Amino acid sequence: MSHFRSSFAAQFAPVRVRFGVGMRRQVSEEVARLGCKRALVLSTPAQADAAMEMAQEIGDLAVGVFTRATMHTPVSVTEEAVAHARAVNADCLVAVGGGSTTGLGKAIALRTDLPQIVVPTTYAGSEATNILGQTEKGEKTTLTDVRVQPEVILYDPELVRSLPAGLTVTSALNAMAHAAEGLYARDRNPISTLLAIEGLEAFAESLDRVVADPGDLEARGRTLYGAWLCGTVLGQVGMALHHKLCHTLGGSFDLPHAETHAVILPHAIAFNARAAAQELEPVARIFGDPSPGKALYAFAKRLGAPMALRDLGMKEQDLDKAAEIATARPYWNPQAVTKDDIATLLAAAWRGDPPAF
Ligand code: NAD
């Protein structure tokens, strides 16, 4: 089926992407290629060893490590990191990790314009976007800015091998959500649609294999390929109800990022399938059920994903408040959104039931 549209706009960021087993060892070549000599390596505390290894790999071109990246990019941590980058006179950033570490690199780049090399270790896809979410005084805000877009991405399948099975599945569903919502985005273009379909197919054909054998490098490579494609879709087009619900649940109720995406995805897609059945046809085809929402529900369940918001710490009495927040300032969505509908959707997601719509 052709993805031709009679009218569209498309924009592509000038990002250099290299992909392959062992690719993390090419970082010093990329630092030099950027004309830089003083790289600051970033990670979360849990991945400090990976950051140290990376600094050793980079050798004389590395000036230090900063290992305090935190989920949701608190501005207080960014300010410490910017002070550290200035103190060591860094001229580029090397982020080794998932969305939290990439987020810190982006937040530093916003304030310093330092170039970024990202070496992703999850499927979140932040490395492929010019979007930054930051938290200050308990509030998460999102901005887009050209300085935030990483210049270089090095994808190394060996680095996702250590992702535990649970995070592998939830992080993959997080990536797939970018593609699924990209299919019906108002500002989609033929290339974003092609990327979304190929990204979903990459996960559909490899995620079972990765869960069965986390060390299967060929399958890991395919999932990372899917993450790149899905992240690129996120960087190109606007997201809708699914992302609004996840931002609400993460931002206002502190639910964990990837797990929340995993639970909500089938429900949001089932809700929107009524208005975007044709756009979501690839989801139905790839995941083997005429209903795209049910197809994703079955896929997530088979892979052992968390299925219920109550298991993520969401309180039943907060569901009404969540529905209110999510519908107060809604993102554009193909299906009209009412508070009652969202309350019904969230109730099913809270219990872990199949999609209500
Ligand atoms: P994360 O980066 O917080 O990683 C989760 C945990 O897993 C961390 O403790 C991390 O150290 C660990 N980890 C990461 N990779 C590992 C590996 N290979 N082996 C073992 N442990 C590993 O989580 P995430 O889901 O990648 O990112 C979530 C954050 O990214 C959120 O703040 C979200 O808002 C943001 N995000 C932003 C964008 C964007 O475009 N701005 C896109 C997606 C996600």
Side-chain angles (χ1 to χ4, degrees), residues 13 15 24 42-51 53-54 67-75 77-78 95-107 109-110 116 118-135 139-145 147-150 153 155-179 181-182 210 214-215 217 220 223-224 227-228 230-239 242-251 254-262 305-306 312:
V15 183
R24 65 189 179 283
L42 310 172
S43 76
T44 60
Q47 290 179 285
D49 287 352
E53 260 175 51
M54 177 59 77
T67 60
R68 289 201 291 285
T70 308
M71 182 80 89
H72 303 311
T73 324
V75 168
V77 175
T78 300
V96 185
S100 298
T101 305
T102 305
L104 175 63
K106 288 173 153 184
L110 178 71
Q116 306 164 65
V118 182
V119 188
T121 66
T122 71
Y123 307 127
S126 175
E127 67 280 0
T129 82
N130 63 357
I131 307 164
L132 169 65
Q134 319 185 79
T135 325
E139 211 180 309
K140 187 161 180 173
T141 52
T142 303
L143 58 84
T144 58
D145 190 295
R147 283 168 295 182
V148 154
Q149 177 86 50
I153 313 171
Y155 286 107
D156 184 342
E158 271 179 346
L159 291 180
V160 278
R161 242 187 342 192
S162 58
L163 260 188
L167 191 52
T168 294
V169 172
T170 55
S171 189
L173 288 161
N174 179 192
M176 287 165 50
H178 311 327
E181 289 226 292
V210 163
L217 263 190
R220 281 286 187 191
T223 53
L224 203 50
W228 171 46
C230 295
T232 305
V233 174
L234 176 67
Q236 285 204 358
V237 304
M239 296 287 115
H242 169 82
H243 281 73
K244 178 70 191 183
L245 290 173
C246 293
H247 291 164
T248 301
L249 294 168
D254 210 23
L255 295 200
H257 179 81
E259 290 88 337
T260 304
H261 274 272
L312 306 184

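Everything numeric in this text was worked out from a predicted model, so none of it was measured. As the structure lists them, so they are numbered: ligands from 1, and atoms in each ligand from 1. Any value given below was found using the heavy atoms of this structure, including those in side chains, with hydrogens, waters and symmetry copies removed.
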Subject >> H178 (side chain) donor-acceptor with A124 (main chain) under 3.5 angstrom >> reply: yes
Original post:
If we only count N/O pairs under 3.5 Å, is S100 in contact with ligand 1?
Top reply: yes
Subject >> Ligand-side contact atoms (ligand 1) for residue partner M71, heavy atom cut-off under 4.0 Å >> reply: 3 (O), 28 (C), 29 (C), 31 (C), 32 (O)
**OP:** Identify, for atom 12 (C) of ligand 1, the protein heavy atom at the shortest distance, and state residue, atom and that distance.
**Re:** Q47 OE1, 4.0 Å
Subject >> Nitrogen or oxygen atoms of L159 and ligand 1 under 3.5 Å apart >> reply: yes
Original post:
Would you say T122 and ligand 1 have an N/O pair spaced under 3.5 Å apart?
Top reply: yes
Subject >> S171 N/O under 3.5 Å from ligand 1 N/O >> reply: no
Original post:
Is there a donor-acceptor contact under 3.5 Å linking the side chains of T168 and R220?
Top reply: yes
**OP:** Tell me which one of V160, T168, T129 gets a heavy atom nearest to atom 40 (O) of ligand 1.
**Re:** T129
**OP:** Enumerate the atoms of ligand 1 whose separation from the nearest heavy atom of L167 is less than 4.0 angstrom.
**Re:** 7 (O)
Subject >> Test item, K106 contacting ligand 1 (heavy atom, 4.0 angstrom) >> reply: yes
Subject >> Short N or O distance, N174 and ligand 1, threshold 3.5 Å exclusive >> reply: no
Original post:
If we only count N/O pairs under 3.5 Å, is A46 in contact with ligand 1?
Top reply: no
**OP:** Would you indicate whether D254, at its atom CG, is surrounded by more than 12 heavy atoms from other residues, nucleotides or ligands within a distance under 6.0 Å?
**Re:** no
Subject >> Sub-4.0 Å atoms of ligand 1 with respect to non-hydrogen atoms of G98 >> reply: 2 (O), 26 (O)
Original post:
Between T44 and ligand 1, which residue portion shows a heavy-atom distance shorter than 4.0 Å: side chain, backbone, both, or neither?
Top reply: side chain
Subject >> Polar side chain donor-acceptor pair, H242 to H261, under 3.5 angstrom >> reply: yes
Subject >> Polar contact flag for L132 and ligand 1 (N/O pairs, less than 3.5 Å) >> reply: no
**OP:** Run down the list R220, H72, M239, H178 and name the one with the heavy atom closest to atom 32 (O) of ligand 1.
**Re:** H72
Subject >> Nearest option to atom 42 (C) of ligand 1, as decided by whichever heavy atom of A227, S126, C246 sits closest >> reply: S126
Original post:
For atom 30 (O) of ligand 1, which candidate among A175, G99, G125 provides the closest heavy atom?
Top reply: G99
Subject >> Numbered atoms of ligand 1 (with element) below 4.0 Å of L234, judged on heavy atoms >> reply: 40 (O), 42 (C)
Original post:
Counting N and O atoms only, with roles assigned by atom type, does the side chain of K106 sit under 3.5 Å from a partner on the main chain of S126, one being a donor and the other an acceptor?
Top reply: yes
**OP:** Could you verify whether a donor N or O on one side chain and an acceptor N or O on the other, from Q47 and T121, lie under 3.5 Å apart?
**Re:** yes
**OP:** Would you mind checking which non-hydrogen protein atom is closest to atom 44 (C) of ligand 1, with the distance to 0.1 Å?
**Re:** H257 NE2, 3.6 Å
**OP:** Could you check whether the rings of H72 and H257 sit parallel, tilted or perpendicular, using 30° and 60° as the cut-offs?
**Re:** perpendicular
